[in-house]
Amino acid sequence: MLTLTKKVRFCCSHKLYNPAFSDTENRRIFGPCSHLHGHNYVLEVTVKGTADPHTGMIMNLNTLEKYINDEIIDWVDHKNLTDDIPVFKETLPTVENMVMIFWNKLRDVLPADSLYKISLQETEDNRAEYTG
Ligand code: NI
């Protein structure tokens with residue numbers, strides 16, 4: 001399989017706090033992440049396909065970057081996910097939920113069946129990946 005990956009970076013804040021749990025439970029489950037804090041995220045979007053015989057590309061990287069910027073970066077960069085973005089009021093902005101929500105947004109705009117994997121690194125030590 002032939003794949004192509006674009007890496008982009010963004011910053012945002014979030015709070016992992018489930019109002020269905022008590023304060024004590026939230027602290028036990030989410031630890032310091034139950035308080036508002038931020039991350040420098042690294043997002044990698046991988047598409048699959050064949051190299052076009054005329055361009056040698058699966059997809060022009062500028063085109064892929066524009067999709068990522070329009071759908072994801074403009075939406076979340078320098079935002080407070082918990083308070084500024086309605087979907088994350090209902091869905092905790094964990095790195096797992098974020099990567100799945102990003103997948104759905106990108107899948108809807110990219111050429112059919114071209115999206116292969118999204119990886120979202122939250123810290124140097126943890127990341128989530130989603131392949132649909
Ligand atoms: Ni966090």
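Atoms within each ligand, like the ligands themselves, are counted from 1 in listed order.
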Contacts of the Ni ion (ligand 1) with protein N/O/S atoms, counting only those under 2.8 Å: H14 NE2, H37 NE2, H39 NE2

What heavy-atom pair brings Y41 and C12 nearest, and what distance separates the two atoms? CE1-SG, 3.4 Å

Here the pair of heavy atoms bringing P93 nearest to T82 is CG-OG1, 3.7 Å

Find out whether V47 and Y116 are in side-chain contact, i.e. whether some heavy atom of one side chain is under 4.5 Å from a heavy atom of the other. no

Assess K105 against F102: is NZ or CZ under 6.0 Å from the centre of the six-membered ring, and within 45 degrees of the ring's axis? no

Show me the donor-acceptor pairs within less than 3.5 Å that the side chains of residues 53-61 make with the rest of the protein, sequence neighbours left out.
from: T55; atom 1: OG1; to: M57; atom 2: N; distance (Å): 3.1
from: N60; atom 1: OD1; to: N62; atom 2: N; distance (Å): 2.8

Can a donor-acceptor pair be found, under 3.5 Å and without considering hydrogens, that links the side chain of D77 to the backbone of I73? no

